[in-house]
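The structure appears below as structure tokens.
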Number of protein chains: 2
Amino acid sequence: MPVTKGSTLDPARTRATILEAATVLLYARGLDGVGVAELCSSVGVSKETLYRHFGTKDGLVREVLEARSERVSRWLADAASAAGDDPAAQLAAVFDALQQWYYEPVFRGCAMVNAAAQHHVEAVRSITGRHLDRHLELLTGIATRAGAADPDALGRQLLMLVEGATIVAEHRGAASTDGHARRAALTLLAAATTDVSADGRTTPP
Amino acid sequence: MPVTKGSTLDPARTRATILEAATVLLYARGLDGVGVAELCSSVGVSKETLYRHFGTKDGLVREVLEARSERVSRWLADAASAAGDDPAAQLAAVFDALQQWYYEPVFRGCAMVNAAAQHHVEAVRSITGRHLDRHLELLTGIATRAGAADPDALGRQLLMLVEGATIVAEHRGAASTDGHARRAALTLLAAATTDVSADGRTTPP
DNA sequence: CCAAGTACGAACCGATCGGTTCGATCTGGG
DNA sequence: CCCAGATCGAACCGATCGGTTCGTACTTGG
């Protein structure tokens, strides 16, 4: 049997195609901004096919968000690990990656946060919660490796900065956060790894 | 003529009543989560009356958001000025007020940010933009009075913290930001008012 | 080659929603 | 006391939307 089938009539491929197109459209125009009919005609798929694969529009939305959340988290984690072993460099890389995203013309804020604001269904909002948890995990990891006195506290501070930068960039433009978010993150990191008990000098190795 | 008429058949009073009820309902359930019919029956008003006062649902939404934005901005500014003349104390007061808000059971995030995520109409999104500008103005003012080297930069950093804390508190609970947002803000303030050119010692008056 | 499954496309359905209209009712100013 | 204007309540309208169904056609594994 063939390993992959690229032709039509391949359920998995059809499903993936719908998922991709829905990811783009729903992000650009909002969950309620695009109907199932338009979504189908945009992909070149019949309603029956879409409903056989995803059961309901909410089911499609959930899968789209789930996949996107994992993709975004992996993207940020990769950006961090690609920056080497220095936690400060990793943190800077995370905010550099975010800032680059903000400048993309299709940037419309965090899809999961936007979705939660639109869709008051718990099944959707829980995805947003897990999304933030993934971010928190990454940031707390960096804080821990940086030797922060309270890595959990620093992680939460950095999470607020990430989400806040995204919101501000969405509504006031990418230039509004350029440099500022990164600098704030490094400032918080430095402060959390500074021995405040004695004088005002840092305590690197 | 009487100065105020409290009875029925007072257009201004009717209008205000609709506005109040709409503010609560639209915030709690989302702009698209409550229809005009339910809104009317909830206030005890006919559709004709609502449409005579606000023209369209969007018109009502815009007025609701405009009023709420001003109310919120005034509330934060008052919290700051009530904290005395010390900029650091004012900043702490702002984040204390926010944190108190996060703990309120009706807290559902920033109404303006949520509205922008739901309603892709420019007339609504611009209100969110102005809302953030008002916050930025307050925070930049504190940064300036604190003698920050770059008050504009610090203001933007603090704005990200405010919006980020609101998002995180909305999705992960008020306890998730309690103390952390305030401490981060004060850390950024301290760092921005510290003379970094020489050694690592602060330079207060 | 054939049966099973995939897919199309179009029609269809019920519900909801924003907005309009209209006759009846009530209030207050002149 | 009476008319203008505010309000009600309910019916009504057109559009949209999520979801279902069906007849047809095509691909493919056995």
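All chains are named by letter (A, B, ...) in the order of the sequence lines, taking the proteins before the strands, and each is independently numbered beginning at 1.
At the phosphate of C:dA7, OP1 or OP2 sits under 4.0 Å from a side-chain N or O atom of A:Arg52. Contact between the side-chain N/O atoms of A:Ser46 and the OP1/OP2 oxygens of C:dA10 is not found at any separation under 4.0 Å. When the side-chain nitrogen and oxygen atoms of A:Thr14 are compared with OP1 and OP2 of C:dT6, none of them lie within a distance under 4.0 Å. Using a 4.0 Å cut-off, no side-chain N or O of B:His53 falls inside it from OP1 or OP2 of D:dA6.
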All N/O pairs under 3.5 Å across the protein-nucleotides 13-20 of chain D interface:
unit_1, atom_1, unit_2, atom_2, d
D:dG18, OP1, A:Lys57, NZ, 2.6
D:dG18, OP2, A:Val36, N, 2.8
D:dG19, OP1, A:Thr56, OG1, 2.5
D:dG19, OP2, A:Tyr51, OH, 3.2
D:dG19, OP2, A:Thr56, OG1, 3.1
D:dG19, OP2, A:Lys57, N, 2.8
D:dG19, N7, A:Lys47, NZ, 2.7
D:dG19, O6, A:Lys47, NZ, 2.4

Report task. Begin with the C-alpha distance, continue with both residues' side-chain angles, and end with the deciding distance and a verdict on side chain to side chain donor-acceptor pair (under 3.5 Å) for A:Arg156 and B:Ser176. Result -> CA-CA 7 Å; A:Arg156 289 176 193 277; B:Ser176 179; 2.9 Å; yes
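Separating the CG atom of B:Asp10 from the P atom of C:dC26 is a distance of 19 Å, rounded to the nearest angstrom.
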List the atom pairs, donor and acceptor, that lie under 3.5 Å between side-chain atoms in residues 43-52 of chain B and the rest of the protein, sequence neighbours left out.
unit_1, atom_1, unit_2, atom_2, d
B:Ser46, OG, B:Thr49, N, 3.4
B:Ser46, OG, B:Thr49, OG1, 3.2

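Side-chain contact between A:Val24 and A:Glu20 is absent, with no heavy atoms from C-beta onward closer than 4.5 Å. In this structure, B:Leu132 and B:Leu136 have side chains that are not in contact, with every pair of non-hydrogen atoms separated by 4.5 Å or more. A:Glu63 is listed as a side-chain neighbour of A:Leu19, based on a closest heavy-atom distance under 4.5 Å.
Figure legend: B:Arg68 and B:Tyr27 shown as a cation-pi pair, the cationic atom lying under 6.0 angstrom from the six-membered ring centre and within 45 degrees of its axis.
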